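Note that these values count all heavy atoms, side chains included, but never hydrogens, waters or copies made by symmetry. Just so we're on the same page: letters track the sequence lines, and every chain starts at 1. These numbers come from a predicted model, not from an experiment.
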Number of protein chains: 2
Amino acid sequence: MSAANTPYAVNHISVDSVIFGYDGRKLMVLLLPEQVRMGREVFRFRKLPGDLILREEDLEEAVHRIVRDLTGIDVLKMIQIKTYGSKGRTSETDMRWLLQNNGVTIDGIVTTSYLSVVKINRQLESLRKKFGFEWTPVQGIEQLAFDHNRLIEDGLALLKNVSDATPEILFDLLPRKFTIPQYRLLCEQVHRRHYDPGNFQKKVLGKMPYVLPLEEFETGTGHRAARYHRFDKTAYKRLRK
Amino acid sequence: MSAANTPYAVNHISVDSVIFGYDGRKLMVLLLPEQVRMGREVFRFRKLPGDLILREEDLEEAVHRIVRDLTGIDVLKMIQIKTYGSKGRTSETDMRWLLQNNGVTIDGIVTTSYLSVVKINRQLESLRKKFGFEWTPVQGIEQLAFDHNRLIEDGLALLKNVSDATPEILFDLLPRKFTIPQYRLLCEQVHRRHYDPGNFQKKVLGKMPYVLPLEEFETGTGHRAARYHRFDKTAYKRLRK
DNA sequence: ACAAAAGTGTTTTAGGTACACCCATGT
DNA sequence: ACATGGGTGTACCTAAAACACTTTTGT
């Protein structure tokens, strides 16, 4: 049904972004609620922020623009996860197949996914209310639109790999002031394993001199209060040179 | 200059494959010689095997087909490296911009690169002669067409990461019979570091029970002959379960 | 005999794990 | 007082590194 005169596939390109957040207890992923009216029925579902890229737009530019438009968030760094061809994919491609260009039917949509992380703070909470996005715990996520569950899995796997090579990314996820147990819980969720609390404490304090103790402690815990720490980016970069 | 009636980019998709080989001494990458006539002048250059994908074709299908067509090689496994947008890329996009579909100018070409490895054996050598591809040492590679130097860099980085998680890939690169020093040299080139020969030997023999010694030795070396070994896939898989 | 690389053995070091135990806080 | 998790100290185990030394081969 394609009207083009070459055998080569003609595609639109879309980008989807897997944005992780951490509320101090659980690793979360950012989702957008959507609804589609089909006659009398209304289907509700949630999806990752994403859209088609525009002419004259590079992939990275596009994902930054789209995330800003859909969530208000100006994400600093995007890491490419993977590209998914149009064949054998779910209804996302079908749904947008209608898009035509001067009678040339698009053969499909190729999707490239990106990983990013954000600190959940007051500013971000106000954006959440304004734009209506939602944080969902990565563990026990529901069935999502399209193949978005897979994108999240692949994104989480990449987050794990990246954080091995570049611990910095996990501190971008933590609040400015955090406790070692909070950091440990985050690591446990990213690496899907358990860490001994005592050993973890010692490793961080002994091997990560860019994690600095503050004179401030948690309150209202029902047990000994944990000390707050902060991530010193300058010391971190100096160490990595 | 685009005649389409939506703001969305319309692209062709191309795939390029970075295929590594190992001759027992040096890590090599497979390149195809090309020449383009521009009036009286003939430009010669080398490039990675790659082409545009066809309608109704998935990315992986396409890269397998293209590699088979261009080199005769039926590669078993392809690992996606990265996708490069069309904007700000070099002349590859320009060169093929001419491709049009019913008056709709394509906005650009998005390229996805794939990593693969092959054993250089007699069968492969005969394919090399038949299809005219060339093996080039990864170290000290010349300036290639388009952004192919970058693709190779990114491919090598991925090979390193993959081989950390899955040592098997390096044995796919080694000949069926190999010596421990050959394996060590390969690891040194992939990981860009030096290994102590004695320690390396012990690590392989002690921690990799799927590397089996043979009753066969190198000859004509000018020094003590190294023992040949082989990779036992069955034992390897059993261990990883 | 000698050079040169294969291969073995020994020692040291660093990092991870297990776990006992003390500390601080809310109920 | 007690439960709960924060945090410290100690012992142990394993893997990696350093390096001395022996073995084998071609010239």
Side-chain angles (χ1 to χ4, degrees), chain A residues 22-26 160 163-165 167 170 174-175 177-231 239-240, chain B residues 22-26 160 163-167 170 174-175 177-230 239-240:
Chain A
Y22 182 59
D23 69 354
R25 286 208 291 281
K26 282 186 169 181
K160 177 179 163 181
S163 70
D164 282 338
L170 294 188
L174 286 163
K177 293 186 313 191
F178 58 88
T179 66
I180 305 296
Q182 278 176 345
Y183 176 41
R184 172 167 50 82
L185 254 53
L186 174 59
C187 284
E188 289 184 342
Q189 288 173 75
V190 169
H191 288 86
R192 295 169 177 280
R193 56 160 292 194
H194 167 79
Y195 292 101
D196 177 87
N199 292 334
F200 190 87
Q201 180 95 8
K202 276 174 296 179
K203 189 168 86 175
V204 173
L205 267 40
K207 307 278 158 55
M208 301 170 107
Y210 45 82
V211 174
L212 304 179
L214 301 175
E215 289 308 323
E216 216 170 326
F217 296 83
E218 273 187 323
T219 51
T221 54
H223 55 77
R224 177 172 174 180
R227 182 190 283 269
Y228 280 113
H229 295 255
R230 71 178 183 87
F231 175 69
L239 206 70
R240 304 232 121 201
Chain B
Y22 182 59
D23 68 355
R25 287 206 293 280
K26 283 187 167 180
K160 177 180 163 182
S163 71
D164 282 338
T166 319
L170 295 189
L174 286 163
K177 294 188 310 193
F178 58 88
T179 66
I180 305 297
Q182 279 176 346
Y183 177 40
R184 174 168 48 83
L185 253 52
L186 174 58
C187 285
E188 289 185 342
Q189 288 173 76
V190 169
H191 289 85
R192 294 170 177 281
R193 55 158 293 193
H194 167 79
Y195 292 101
D196 176 88
N199 292 334
F200 190 87
Q201 180 97 8
K202 275 175 296 179
K203 190 168 87 176
V204 172
L205 266 41
K207 308 278 161 56
M208 302 171 106
Y210 43 81
V211 174
L212 305 180
L214 301 174
E215 290 307 321
E216 215 170 328
F217 296 82
E218 271 187 325
T219 50
T221 55
H223 55 77
R224 178 172 174 179
R227 182 190 282 269
Y228 280 112
H229 295 255
R230 71 178 184 87
L239 206 71
R240 305 231 122 202

K.L.:
Look up atom CG in Leu170(B) and atom CG in Asp164(B), then write down how far apart they are to the nearest 0.5 Å.
P.N.:
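CG of Asp164(B) is found 9.0 Å from CG of Leu170(B).
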K.L.:
How about Arg184(B) and Pro181(B): do any of their side-chain heavy atoms sit closer than 4.5 Å?
P.N.:
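SC-SC contact between Arg184(B) and Pro181(B) confirmed.
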K.L.:
Just verifying a value: how many Å separate Leu186(B) CG and Asp23(B) CG, rounded to the nearest 0.5 Å?
P.N.:
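Here the rounded value is 10.5 Å.
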K.L.:
Can you build the contact string for nucleotides 17-27 of chain D? Use B for base contact, S for sugar-phosphate-only contact, and - for no protein heavy atom under 4.0 Å.
P.N.:
BBB---BBBS-
K.L.:
First and last nucleotide of DNA chain C in contact with chain B, 5' to 3', at under 4.0 Å to a heavy atom: what are they?
P.N.:
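Range of nucleotides touched by chain B: dA3(C) to dT10(C).
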K.L.:
Can you list every pair that meets side chain to side chain donor-acceptor pair (under 3.5 Å) and has a residue in residues 218-230 of chain B, with sequence neighbours left out?
P.N.:
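Listed by first then second residue: Glu215(B)-Arg227(B).
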K.L.:
Would you give the length of the straight line joining atom NZ of Lys203(A) to atom CG of Asp196(A), rounded to the nearest 0.5 angstrom?
P.N.:
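Result: 11.0 Å between the selected atoms.
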K.L.:
Take a 6.0 Å sphere around CZ of Arg240(B) and say whether it holds more than 12 heavy atoms from other residues, nucleotides or ligands.
P.N.:
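Yes - once you tally the heavy atoms of other residues, nucleotides and ligands closer than 6.0 Å, there are more than 12.
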K.L.:
Sequence neighbours excluded, which residues qualify as side chain to side chain donor-acceptor pair (under 3.5 Å) partners of Lys26(A)?
P.N.:
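In terms of side chain to side chain donor-acceptor pair (under 3.5 Å), with neighbours along the sequence ignored, Lys26(A) is linked to no residue.
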K.L.:
Using whole Å, what does the distance between atom P of nucleotide dG9(D) and atom CZ of Phe200(A) come to?
P.N.:
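Interatomic distance, CZ of Phe200(A) to P of dG9(D): 19 Å.
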K.L.:
Asp164(B) CG to dA16(D) C1': how many Å, rounded?
P.N.:
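Those two atoms, CG and C1', are 15 Å apart.
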K.L.:
Please report, rounded to the nearest Å, how far the P atom of dG7(D) is from the OH atom of Tyr228(A).
P.N.:
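Rounded to whole Å, this separation is 11 Å.
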K.L.:
Using whole Å, what does the distance between atom P of nucleotide dG5(D) and atom CD1 of Ile180(A) come to?
P.N.:
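Value for this atom pair: 18 Å.
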K.L.:
Please report how far the helix from dA1(C)-dT27(D) to dT27(C)-dA1(D) bends, comparing the axis fitted to its first five pairs with the axis fitted to its last five, to the nearest 10 degrees.
P.N.:
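The helix from dA1(C)-dT27(D) to dT27(C)-dA1(D) shows an end-to-end axis angle of 0°.
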K.L.:
Using salt bridge (charged side-chain N to carboxylate O under 4.0 Å, His left out) as the criterion, list what pairs up with Lys160(B), not counting sequence neighbours.
P.N.:
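Checked Lys160(B) against salt bridge (charged side-chain N to carboxylate O under 4.0 Å, His left out); zero matches.
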K.L.:
Of the non-hydrogen atoms in Tyr183(A) and Met208(A), which two are nearest, and what is the gap between them?
P.N.:
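Minimum heavy-atom contact is OH-CE, 3.2 Å.
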K.L.:
So which heavy atom on Tyr210(A) is nearest to which on Pro167(A), and how close?
P.N.:
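Shortest heavy-atom contact: OH-CG, 3.9 Å.
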K.L.:
Examine dG6(D): is either OP1 or OP2 under 4.0 Å from a nitrogen or oxygen in the side chain of Gln201(A)? Give yes or no.
P.N.:
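Result: no.
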K.L.:
In Å and rounded to the nearest 0.5 Å, what is the NZ to CG distance from Lys207(A) to Leu239(A)?
P.N.:
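Result: 12.5 Å between the selected atoms.
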K.L.:
How would you label the contact of Pro181(B) with the nucleic acid (heavy atoms, under 4.0 Å): base, sugar-phosphate, or nothing?
P.N.:
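Answer is sugar-phosphate: Pro181(B) comes under 4.0 Å of backbone atoms only.
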